[in-house]
Q: 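My structure is below; once you've seen it, I'll send some questions.
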Amino acid sequence: MTKAPRTGERDPARGHGDTDERPLASDIARVLGDPRTWGSGVSKEGQPGDGGTFGETVADNLKLTQGSRVAVIGGGPAGSLFSFFLLKTLALIDTEVTVDIYEPRHFDHCGPAGCNHCGGIVSESLVQILATEGILLPAEVVQRGIDSYVVHMDVGSVRIDTPLHEKRIAAVYRGNGPRTSERITTEGFDRYLLDLAVSNGATVQHKLVTDVKWPEGRPRVVCGDGAEATYDLLVVASGVNSQVMHIIEELGLGYKTPSAVTTFIAEFHMGQRLIQQHLGTSMHVFLLDIPRLKFAALIPKGDFITMCMLGDNIDEQLVNTFLNAPEVRRCFPSATVPTNCCHCFPRINVRKARKPFANRLVLIGDSGVSRLYKDGIGAAYRTSKAAAMTAALHGISEEAFAHQYWPACRAIDRDNMIGRLIFGVCHLIQKLRFSRRAVRRMTFLEQTTPSSRRLMSSVLWDVFTGSAPYREVLVRTLHPAFIGGLAWNLIAGNAPNARVREDKTMVS
Amino acid sequence: MTDVLGKTYRPGEIIVRQGDLGDCMYVIQDGDVEVLKEENGVQTVVDTMHTGDIFGEMAIIEHTVRSSTVRASSPARIMTVDKKTFIRRVQEDPSLALTVLKVMSQRVRKLDLEVATLKQELGRETTSAEPSTGRRIHGD
Ligand SMILES: Cc1cc2nc3c(=O)[nH]c(=O)nc-3n(C[C@H](O)[C@H](O)[C@H](O)COP(=O)(O)OP(=O)(O)OC[C@H]3O[C@@H](n4cnc5c(N)ncnc54)[C@H](O)[C@@H]3O)c2cc1C
């Protein structure tokens with residue numbers, strides 16, 4: 001879905017905000033690892049970065065109390081879930097606050113105007129946890145329940161089923177479907193979460209925030225229509241495709257925007273019946289040796305297929321090369337990819353923000369820390385809940401966020417380091433044909449032999465679904481049984497006669 | 001149906017069986033289920049549950065066998081929540097355990113009420129049958 005330019009939207013020509021004056025890597029590691037070294041900074045207007053009103057420097061004073069006012073910029077998953085958990089937790093301790101969610105988008109619009117540009121996979125772990133929280137995704141929100149993954153490689157395809165044969169992954173629209181969709185029964189995921197926040201007491205201000213000021217140590221939100229309001233706490237959940245992060249950075253409170261890279265999303269209309277026939281209830285991922293391509297997937301939803309591509313400097317040429325690959329074309333009727341009806345080049349968070357909090361300020365979801373390449377909505381849930389619990393129970397001071405909120409961000413970030421290693425290995429597999437053969441053979445045998453242990457299958461499942469921490473995936477690949485199995489399949493899968501036999505028996 | 005989550009059960013289909021070892025709990029996405037207790041080969045319906053309710057949570061908290069059988073009493077869509085997923089998340093966010101604690105406390109409250117009602121009924125029966133030996137309500 002093409003993103004409409006808006007006032008207050010970030011100018012892409014400005015880069016990603018953390019390119020100049022790079023400190024040494026060791027300094028970065030030390031500083032980012034220990035929030036005590038971050039300091040508070042001084043605001044652009046010269047107010048003390050501790051953010052309290054003058055004289056209000058004691059963290060104890062920085063608490064949400066009866067009648068406090070909270071502004072949330074962005075009504076995507078992070079903003080809505082934050083508001084939901086904050087209001088729910090404060091209600092438990094009989095504290096009533098005002099929560100204003102600033103969100104200019106109307107999520108019930110089709111196409112770019114109502115969409116937050118994403119693949120729309122709600123991961124297996126998040127679906128389970130949301131259900132435990134009492135958030136059951138209704139049929140109008142779930143465009144397709146996913147129960148399997150099909151990995152496509154040049155050496156063939158292999159399907160990985162859930163052991164329970166249960167649909168625990170949800171394919172959703174973030175808005176109300178692509179540009180040409182007309183299904184009025186459809187409800188977008190973001191709209192559903194926003195309604196949830198509203199039903200718990202939040203108010204939606206359908207306004208674009210164009211500036212944030214910090215007079216007398218309190219956040220003041222300025223909107224496109226000129227309206228201004230002062231709050232006790234400012235929560236920034238504006239994602240990585242917004243100018244707001246840069247406005248916050250310029251306040252000088254120590255925050256530095258996360259790094260992000262450009263991705264590509266397109267929607268294809270195919271109709272329910274053909275989608276069921278060709279893609280079924282599986283997500284289709286591609287491990288293809290195409291230069292600059294990191295990861296690509298086709299996600300079946302309702303009448304449409306969403307295509308997502310991650311890679312280096314994604315451009316039209318890379319998109320066309322991918323769409324012309326026989327492994328991709330095979331997924332469409334008559335091996336012909338239809339013209340897309342909606343496309344966009346959104347950015348994805350690939351490296352965390354620096355110090356996403358200060359007194360009376362917290363940045364959550366993509367504006368703060370997210371999971372590398374996978375389960376961004378899951379990360380938005382984790383950071384928004386951690387921030388909400390901190391604000392409700394521990395206070396809104398920098399100290400409270402450093403001790404209670406930051407550990408959740410740090411856990412995601414540390415796991416991302418291992419994620420980088422794992423995606424490096426995936427990239428290597430993409431490049432080396434003999435390794436692709438081994439991966440495919442091992443997975444195929446595990447999937448078709450009921451008694452066999454699901455070693456490779458579970459690793460691939462967790463990498464593609466983003467359901468388990470990357471650390472856990474790594475530990476599983478270090479298990480002697482996994483290493484032994486892979487070694488055996490490297491030999492068996494690449495023996496000349498084995499190759500002929502496999503090509504005849506392995507179903508694509 | 002492709003646009004739904006969980007696994008669909010027909011009315012009468014067993015979801016968990018008393019005595020089986022469990023490593024997950026369940027959330028009812030849609031529909032109704034009944035909880036059955038089997039004692040000396042006799043099955044008694046002890047509870048009914050509906051959309052949004054959680055069951056099987058004891059298996060998540062202690063390594064033990066299922067204490068009752070649960071079967072669908074209408075077409076029901078049920079989602080399993082893995083022990084590992086739940087525990088991993090509780091470690092990061094202990095407040096999630098509150099949701100399970102809430103389920104358990106509601107269950108204890110309901111059981112208390114049922115025990116009290118049963119005792120009252122038993123008391124009435126005993127009183128009308130043997131007016132002078134009311135203390136036998138403890139029933140042995
Ligand atoms: C190609 C691609 C595919 C992805 N696929 C998946 C996937 O399949 N599953 C998954 O879990 N994650 C996926 N992600 C990541 C996921 O989209 C994000 O992690 C997630 O949306 C973050 O949520 P958020 O609420 O932080 O930000 P967003 O979803 O970006 O929401 C930010 C909100 O802030 C609002 N906003 C912005 N500026 C302003 C302003 N000035 N004033 C008021 N409001 C404002 C926006 O309108 C928007 O509603 C994908 C990302 C990309 C780029």
Side-chain angles (χ1 to χ4, degrees), chain A residues 85 88-89 92 122-147 162-172 183 185-186 272 275-276 279-281 300-302 378 381-382 385-386 388-389 392-393 407-408 411-412 467-469 472, chain B residues 1-9 13 15-16 20 22-32 49-61 72 75-106:
Chain A
F85 287 118
K88 210 170 142 197
T89 312
L92 284 178
V122 186
S123 73
E124 195 178 29
S125 54
L126 182 60
V127 162
Q128 292 175 68
I129 295 303
L130 287 181
T132 312
E133 297 270 20
I135 304 174
L136 306 181
L137 299 181
E140 305 83 69
V141 172
V142 179
Q143 296 305 315
R144 201 162 283 250
I146 302 284
D147 57 7
T162 39
L164 296 166
H165 297 282
E166 184 182 324
K167 290 177 190 148
R168 287 200 301 186
I169 298 175
V172 300
R183 285 186 52 188
T185 50
T186 301
Q272 295 257 9
I275 293 182
Q276 186 57 31
L279 300 176
T281 46
K301 293 177 193 171
Y381 156 79
R382 287 164 70 185
K385 190 167 182 198
M389 300 307 281
L393 304 173
I412 296 173
S467 283
E472 235 173 67
Chain B
M1 287 248 272
T2 54
D3 52 357
V4 289
L5 295 174
K7 193 168 170 177
T8 306
Y9 293 85
E13 213 175 328
I15 302 157
V16 296
D20 283 357
D23 63 353
C24 61
M25 66 177 186
Y26 300 83
V27 182
I28 307 175
Q29 297 278 305
D30 196 18
D32 308 309
M49 284 186 280
H50 317 280
T51 307
D53 285 345
I54 291 176
F55 61 90
E57 72 288 345
M58 284 183 204
I60 287 233
I61 289 157
R77 219 163 20 84
I78 313 288
M79 173 161 355
T80 47
V81 175
D82 303 330
K83 185 175 190 162
K84 204 168 176 184
T85 305
F86 180 77
I87 300 286
R88 189 195 289 140
R89 184 70 201 133
V90 165
Q91 206 185 9
E92 191 175 293
D93 168 23
S95 77
L96 189 69
L98 276 179
T99 52
V100 171
L101 218 59
K102 199 168 145 193
V103 170
M104 292 179 121
S105 90
Q106 280 166 352

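Convention: sequence-line order gives letters A, B, ...; per-chain numbering from 1.
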Q: So which atom in Glu166(A) and which in Gly6(B) form the shortest heavy-atom distance, rounded to 0.1 Å?
A: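 Nearest heavy atoms, Glu166(A) then Gly6(B): CG-C, 3.6 Å.
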
Q: From Glu92(B) CD over to Ile412(A) CD1, what is the distance, rounded to the nearest 0.5 angstrom?
A: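 It is 6.5 Å, given to the nearest 0.5 Å.
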
Q: Measure the spacing between CD of Gln29(B) and NZ of Lys167(A) and express it to the nearest 0.5 Å.
A: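 Answer for the CD-NZ pair, Gln29(B) versus Lys167(A), is 12.0 Å.
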
Q: Give, for atom CD1 of Ile129(A) and atom CG of Asp82(B), the distance between the pair rounded to the nearest 0.5 Å.
A: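 Rounded to the nearest 0.5 Å, the CD1-CG separation comes to 9.0 Å.
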
Q: Is it the side chain or the backbone of Thr99(B) that comes within 4.5 Å of chain A heavy atoms, both, or neither?
A: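 Side chain only.
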
Q: Where does Ile54(B) contact chain A at under 4.5 Å (heavy atoms): side chain, backbone, both or neither?
A: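 For Ile54(B), the contact with chain A is made by the side chain alone.
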
Q: Could you tell me which portion of Glu124(A) (side chain, backbone, both or neither) has an atom closer than 4.5 angstrom to a non-hydrogen atom of chain B?
A: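 Looking at Glu124(A), nothing touches chain B.
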
Q: Is Ile28(B) in contact with chain A via its backbone, its side chain, both, or neither, using a 4.5 Å heavy-atom distance?
A: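 Contact with chain A involves the backbone of Ile28(B) alone.
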
Q: Within a strict 4.5 Å, meaning less than it, do heavy atoms of the Asp93(B) and Tyr381(A) side chains meet?
A: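 Sidechains of Tyr381(A) and Asp93(B): in contact.
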
Q: Can you say whether Leu393(A) sits under 4.5 Å from chain B via the side chain, the backbone, both, or neither, judging by heavy atoms?
A: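 Contact with chain B: none, neither part.
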
Q: Given a strict heavy-atom distance threshold of 4.5 Å, which part of Ala468(A) is in contact with chain B: side chain, backbone, both, or neither?
A: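 Both parts, heavy atoms under 4.5 Å.
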
Q: May I ask you to test the Thr132(A)-Met25(B) pair for a side-chain heavy-atom distance under 4.5 Å?
A: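 Heavy-atom side-chain distance check passes, below 4.5 Å.
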
Q: With distance as the sole criterion, is a donor-acceptor pair present between the side chains of Arg168(A) and Thr80(B) under 3.5 Å?
A: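 There is such a pair (donor and acceptor under 3.5 Å, judged by atom type) between the side chains of Arg168(A) and Thr80(B).
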
Q: Between NZ of Lys84(B) and OG of Ser467(A), what distance do you get to the nearest 0.5 Å?
A: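 Taking NZ in Lys84(B) and OG in Ser467(A), the distance rounds to 11.5 Å.
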
Q: For the candidates Arg89(B), Met79(B), Lys7(B), which exhibits the highest count of non-hydrogen atom pairs separated by less than 4.5 Å from chain A?
A: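 That would be Arg89(B).
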
Q: Using heavy-atom distances under 4.5 Å, tell me whether Asp30(B) contacts chain A through its side chain, its backbone, both, or neither.
A: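 No part of Asp30(B) comes within 4.5 Å of chain A.
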
Q: Could you tell me which of Val27(B), Val81(B), Thr8(B) has the largest number of non-hydrogen atom pairs under 4.5 Å with chain A?
A: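 Result: the option with the highest number of such pairs is Val81(B).
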
Q: To the nearest 0.5 Å, how far apart are CG in Leu5(B) and CD in Gln128(A)?
A: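 Here the rounded value is 10.5 Å.
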
